[in-house]
Structures are given as structure tokens and as C-alpha cells.
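Quick caveat, the model's predicted, so the values are computed rather than measured. For ligands, and for the atoms within them, numbers begin at 1 and follow the listed sequence.
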Amino acid sequence: MDDKIRTLLSEEEVAQRTREIAEAISRDYEGRPLHLICILKGGVFFTCELAKRISIPITMDFMSVSSYGAETVSSGIVKIVKDLDEPIEGKDVLIVEDIIDSGNTLSYLIEVLKQRNPGSIELCTLLDKPERRIKHQVKVKYTCFTVPDEFIVGYGLDYNQRYRNLPYIGIIEQQ
Ligand code: IMP
Ligand code: MG
């Protein structure tokens with residue numbers, strides 16, 4: 001029953017790159033309190049590792065969204081399952097995601113959040129799969145790794161809710 005998983009990025013590679021991105025964020029937002037929004041569930045592992053390495057003051061909130069329909073392909077229709085606890089008006093917001101694939105989830109989310117008048121809103125992602133992008137208007141400020149068009153698991157990413165807890169990033173091999 002177990003899938004065969006090939007390592008794409010080791011725990012050490014992810015940690016090293018996360019440190020670089022956290023340093024860039026700390027420089028860019030120097031003097032501006034930063035509000036991180038973690039997109040559950042997949043973004044939670046990366047958000048924790050990133051937040052621990054950011055050296056400027058931050059606050060955090062969490063949001064959960066799901067797309068209706070297909071399992072491994074995003075449908076473009078997004079539902080807010082859990083909304084933010086706090087208002088974002090006037091805040092410098094950085095959305096933290098596990099992966100940007102078609103861009104459907106994020107393009108919807110950014111439109112919703114912009115209506116709440118944040119001071120600024122930017123995007124940080126662990127993985128970007130640009131070959132699959134449909135919503136080209138989604139601009140990512142910080143990307144840890146660009147990945148090929150394969151099904152990725154680990155470090156928060158799941159396959160039918162499994163493998164989120166893998167400490168590395170892997171590709172499920174075709175049986
Ligand atoms: P998008 O709306 O197509 O950009 O999809 C974003 C969401 O789809 C991510 O937050 C993931 O939950 C999921 N997803 C996309 N590609 C993968 C993958 O390769 N492995 C696991 N989940 C994925
Ligand atoms: Mg996700």
C-alpha cells in the first residue's frame with residue numbers, strides 16, 4: 001500500500017533555503033511589523049520554520065481554504081473553511097503557502113484579502129510549480145524552490161492527507 005517516494009529536496013536543503021528567505025524578509029520589512037498568514041494545512045510546516053528564522057517582530061494568523069471538486073487538480077472554486085481571527089486593515093501582510101500550482105487558490109485569496117484593506121500584501125511560497133500556472137496574475141515575492149510538474153509530498157504537502165509529516169520533500173513515483 002505504501003507509495004514509493006523519491007527525495008527531491010533534503011531536510012538540510014530546505015532548512016538552508018528557508019534561512020536565506022527569512023533573512024531577505026527580515027531585511028525587506030525592517031522597521032515594519034510583519035503579519036504572516038499561514039495557509040492551512042499544507043503551509044504550517046514551512047510557516048513555523050520560516051517564522052523561527054525571521055529576526056524582526058511578527059504576528060501570525062491562520063486561514064484554511066479548500067477547492068471544491070477534483071482531488072489532485074485544483075478546480076478554481078475556493079471555499080474559506082476557516083477565516084482569519086484578526087482584521088488585516090493597514091497591516092503589512094505576507095501570505096505563506098506550501099505550493100503554488102495553478103494559482104487558483106492564491107488569486108482568489110488575494111482578491112478576498114485585498115478587500116480588507118491591508119497596508120500591503122505579498123506572497124511567500126515553499127514551492128512553485130510554474131508549468132501548471134493558469135492564473136498568471138499571481139506574483140510571488142519569495143520562492144524557496146521551483147519544482148517540476150510532478151506530484152510532490154512532504155513538509156506539509158499531502159497525498160490524500162498522508163505524508164505531510166515527512167521532514168523532506170519528495171516525489172511519488174509511478175508504480
Ligand atoms: P493551486 O490552487 O492550483 O495553485 O493549488 C494549490 C494547492 O493545491 C496547494 O496549496 C496544495 O494544497 C495543492 N497542491 C498542488 N500541487 C500539489 C502537489 O504536487 N502535491 C500536493 N499538493 C499539491
Ligand atoms: Mg494547500
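Ion pair Arg164/Asp98 not flagged as a salt bridge, since none of the NZ, NE, NH1 or NH2 atoms sits closer than 4.0 Å to an Asp/Glu carboxylate oxygen. With respect to the salt-bridge test (charged N to carboxylate O, under 4.0 angstrom), the residues Glu49 and Arg53 qualify. Salt-bridge formation is not detected for the pair Arg6/Asp3: no Lys NZ or Arg NE/NH1/NH2 atom is positioned less than 4.0 Å from an Asp or Glu carboxylate oxygen.
Looking at Arg164, Arg132, Lys129, Lys41 and measuring to atom 19 (O) of ligand 1, the nearest heavy atom belongs to Lys129.
Ligand 1 places these atoms under 4.0 Å from at least one heavy atom of Thr105: 1 (P), 2 (O), 5 (O), 6 (C). In summary, the atoms of ligand 1 found under 4.0 Å from a heavy atom of Asp158, numbered by their order in the structure, are 21 (C). Close contacts of ligand 1 with Glu97, meaning ligand atoms under 4.0 Å from a residue heavy atom, involve 10 (O). Of all atoms in ligand 1, listed by their number and element, those nearer than 4.0 Å to a heavy atom of Glu150 are 19 (O). Within ligand 1, counting atoms from 1 as listed, the ones closer than 4.0 Å to a heavy atom of Asn104 are 2 (O), 4 (O).
Polar contact with ligand 1: present for Gly103 (N/O pair, distance under 3.5 Å). Residue Leu157 has no nitrogen or oxygen atom sitting less than 3.5 Å from a nitrogen or oxygen atom of ligand 1, judged on distance alone.
Using a 30° and 60° split on the angle between ring planes, Tyr155 and Phe45 fall in the tilted class, from 30° to 60°.
In this model, a donor atom of one side chain and an acceptor atom of the other lie less than 3.5 Å apart for Glu20 and Gln16. Asp128 and Thr146 share no donor-acceptor pair across their side chains, judged by distance under 3.5 Å alone.
Rounding to the nearest 0.5 Å places CG of Leu8 at 8.0 Å from CD of Glu13.
In this structure, Val138 does not count as a contact residue of ligand 1, since none of its heavy atoms falls inside 4.0 Å of the ligand.
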